[in-house]
Amino acid sequence: APLAEPVCENTDVVILGAGVAGLTAAQTLQDNGVNNFLVLEARGETGGRLYSHEFAGHTVELGANWVHGPGKADGNINPMWTMVQKANLNTVETNNEEHVLYPADNVKNIAAALEAAGNATDKVFVDAINLLQNNLEDRTYRAGQRLYGWDPRKTDPAEQLADWWYWDWGAASPPEMHSEEDRFVCDEPGFVSALRNTVSSVLDRVRVNNKVTSIKHDLSGVTVTSNNGCVNAKYAIVTFSLGVLQKGDVKFDPPLPDWKAQGIAGFEMATYTKIFLKFPTSFWDKEKFILWADPHVRGNYPVFQPLDLDGLYEGSNILVATVTGERAYRVESQDPEVTKQEIYDILRKMYFDRDVTYPEDIYFANWSKWDWAYGSYSYWPASTSLQEHQNLRANVDSVFFAGEATSQEFFGYLHGAYYEGKHVAEFLAPCIKVNQAGCTEKKYDVLTGVTPYDLYNPDNGWYIKGNGVPGN
Ligand SMILES: Cc1cc2nc3c(=O)[nH]c(=O)nc-3n(C[C@H](O)[C@H](O)[C@H](O)COP(=O)(O)OP(=O)(O)OC[C@H]3O[C@@H](n4cnc5c(N)ncnc54)[C@H](O)[C@@H]3O)c2cc1C
């Protein structure tokens, strides 16, 4: 071949992304007797949004931190819990009720608001299962809460904090997982070590620092181009975050069909930013969650978590603040020194009677900016159908998709990514082994609405369909 022509590597399956979904897919292919595969990863390390990082001499988790719902011995065990136990990582049980409340002069109201919000939330989840199982019209989370008596006043700090706590922060947990405790992972090897141990036999297939820029596809295969060359394969498994798919940095050739583009466009990425702070002294409550009801701004540094609790990083003087959504974008876009000062000012208001010291160091992830993530995790907007979600999940030609966002049950979670990676590999393994073309997953070319057309009638205020408009 002429020298200028790039020679692509050949393999059966090219997995794009080495997060939980990609590495689980790789391991599952191998477990099912498929050995000819490669993993291309943009970053210099594996794990993706399971991201352990050194801060102030300790390993902290920039991304996933909890095993949400470890499961019960007599039921389903969360696969992430199995990994964490095998790796023998230190964890601590948490639940949303282990908190101290600030400001001190508003504690009674905050406690009452938390109780009301919590009660409504429990009922909304039961409701949500009912709507889903019976194919009834969806409603927003807020509509559900109102029906159960929770409609926080916009200018009531206690109610706004309670609302943030049960929605923005905590309650995005799926109903199946809701009643169980959560396990917070805090250990020097890092949460990501549990994943790496589990997939150790496929790690040598991962090519780090390979940022994929285009995916050429047809029914017979794919050509994937990265900053480091190209790979031909029979199948690709794309595990990029929903944010990456939405931003369009990776070109599909031919472009993705409408049903697929619509599936990708219809879902949302949240941003959840943890801010790690190292202090000269530890002056805060030794409690798992310290909540702050800001008198003016909803979600303004509403939760702090000490990492220097007994059994965690004792003596570390590390405090973690979390912000979400608009407040997270603000932190990502302003000078960290400003963030430091803002947090210091709030801590001084909370602990006006203690010796509050100034943070020595600060670090946070730029989830909404990082071009390998563009957000922290996905969520499912109200009134978006299962069909549309399946289209986000389904393959286009030889390109398959897996990741937390493609999980209908556990989107947003590590175990969602795990189950999707496992599913896609189990689906493809037989296709590869018998060299069977046209393996394809369920998709919907047309998404249907829910109101039958004969209900568009004058009784319902609909005059256009042959009935003329009122007064004509
Ligand atoms: C702040 C935060 C807190 C969270 N907390 C929890 C929690 O407590 N519990 C929980 O269960 N879940 C939590 N999650 C969610 C969990 O981390 C994710 O659901 C899970 O890690 C997603 O795995 P994935 O394999 O689907 O995607 P990813 O981990 O995003 O993997 C995709 C991989 O693709 C790579 N990639 C992207 N673009 C390209 C490209 N162009 N070329 C090559 N490679 C590319 C990325 O670098 C990445 O490694 C949290 C997430 C965040 C961000």
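Both ligands and their constituent atoms are indexed starting at 1 by order of listing.
Residues Thr59 and Glu54 bring a donor and an acceptor atom of their side chains to less than 3.5 Å of each other. With no hydrogens or angles considered, a side-chain donor-acceptor pair links Thr121 and Tyr141 at under 3.5 Å. No donor-acceptor contact under 3.5 angstrom links the side chains of Thr28 and Glu426, judged on distance only. Side-chain contact, Thr223 with Asn232: a donor N or O sits under 3.5 Å from an acceptor N or O.
With values rounded to the nearest 0.5 angstrom, Tyr363 atom OH is found 13.5 Å from Leu277 atom CG. Taken from CD in Glu404 to OH in Tyr379, the straight-line distance is 12.5 Å, to the nearest 0.5 Å. Separating the NZ atom in Lys211 from the CG atom in Asp371 is a distance of 4.0 Å, to the nearest 0.5 Å.
Here the heavy atom of the protein found nearest to atom 18 (C) of ligand 1 is Glu404 CG, 4.0 Å. Atom 25 (O) of ligand 1 has Ala21 N, 2.9 Å as its closest protein atom, hydrogens excluded (heavy atom only). Looking only at protein heavy atoms, the nearest one to atom 32 (C) of ligand 1 is Thr239 O, 3.3 Å. Closest to atom 8 (O) of ligand 1 among all protein heavy atoms lies Trp66 N, 2.9 Å. Closest to atom 37 (C) of ligand 1, if we only count protein heavy atoms, is Trp372 O, 3.4 Å. Nearest to atom 36 (N) of ligand 1 among the protein's heavy atoms is Phe240 CD2, 3.7 Å. The nearest protein atom to atom 20 (C) of ligand 1, hydrogens excluded, is given as Leu414 CD2, 4.0 Å; this is a heavy-atom distance. With respect to atom 13 (C) of ligand 1, the closest heavy atom belonging to the protein is Ala64 CB, 3.4 Å.
Between Asn10 and Asn36, the closest side-chain pair of non-hydrogen atoms is not below 4.5 Å.
For the pair Leu16 and ligand 1, the shortest N or O to N or O distance does not fall below 3.5 Å. By the 3.5 Å distance cut-off applied to N or O atoms, Tyr377 is not counted among the residues near ligand 1. Between Ala417 and ligand 1, no N or O atom pair is found at a separation short of 3.5 Å. Here's the thing with Arg49: one of its N/O atoms is less than 3.5 angstrom from an N/O atom of ligand 1. Taking only nitrogen or oxygen atoms, main chain and side chain alike, Val244 does not reach within less than 3.5 Å of ligand 1. No N or O atom of Ser241 sits closer than 3.5 Å to an N or O atom of ligand 1. The shortest N/O to N/O separation between Arg43 and ligand 1 does not fall below 3.5 Å. Considering backbone and side-chain atoms together, His415 places no N or O closer than 3.5 Å to any N or O of ligand 1. Looking at ligand 1, you'll find an N or O of Val212 within less than 3.5 Å of one of its N or O atoms.
With a 4.0 Å cut-off on non-hydrogen atoms, Trp367 touches ligand 1 through its side chain and not its backbone. Of all the heavy atoms of Thr213, none lies under 4.0 Å from any atom of ligand 1, so neither backbone nor side chain is involved.
Taking the six-membered ring for Trp, Trp81 and Trp66 have ring centres at least 6.0 Å apart.
In this structure, Gly412 counts as a contact residue of ligand 1, since one of its heavy atoms falls inside 4.0 Å of the ligand. For the ligand labelled ligand 1, residue Leu62 lies inside the 4.0 Å heavy-atom shell.
For atom 31 (O) of ligand 1, the nearest non-hydrogen atom from the set Ala328, Gly17, Gly19 comes from Gly19. The nearest non-hydrogen atom to atom 47 (O) of ligand 1, considering only Lys274, His68, Glu41, comes from Glu41.
Close contacts of ligand 1 with Asn210, meaning ligand atoms under 4.0 Å from a residue heavy atom, involve 42 (N), 43 (C). Those atoms of ligand 1 that come under 4.0 Å of a heavy atom in Lys211, given as number and element, are 41 (N), 42 (N). Atoms of ligand 1 found under 4.0 Å from any heavy atom of Gly48 (numbered from 1 in listed order, with element): 29 (O), 48 (C), 49 (O). Heavy-atom contacts of Val250 reach the following atoms of ligand 1: 41 (N) (cutoff under 4.0 Å). Atoms of ligand 1 lying under 4.0 Å from at least one heavy atom of Val20, given by number and element, are 25 (O). Remark: ligand 1 atoms within the under-4.0 Å shell around heavy atoms of Gly403 are 26 (O).
Figure legend: cation-pi geometry between Lys260 and Phe401, with NZ or CZ positioned under 6.0 Å from the six-membered ring centre and within 45° of its axis. Cation-pi geometry between Arg205 and Phe37 is met: under 6.0 angstrom from the ring centre, within 45 degrees of the axis.
No donor-acceptor pair closer than 3.5 Å links the side chain of Arg207 to the backbone N or O of Leu38. In this structure, the side chain of Asn90 does not engage the main chain of Asp187 through any donor-acceptor pair within 3.5 Å. Side-chain atoms of His217 do not come within 3.5 Å of backbone N or O of Tyr235 as any donor-acceptor pair.
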Between Tyr51 and Val192, does a side-chain contact (heavy atoms from CB on, under 4.5 Å) hold up when you go through it step by step? CA-CA 6 Å; Tyr51 191 169; Val192 73; over 6 Å; no
Trace of the side-chain hydrogen bond (donor to acceptor under 3.5 Å, both in side chains) decision for Tyr444 with Glu388: CA-CA 8 Å; Tyr444 298 86; Glu388 186 162 348; over 6 Å; no
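Put simply, the residue from Trp284, Tyr102, Trp169 that forms a ring-ring contact (aromatic ring centres under 6.0 Å, His included) with Phe289 is Trp169.
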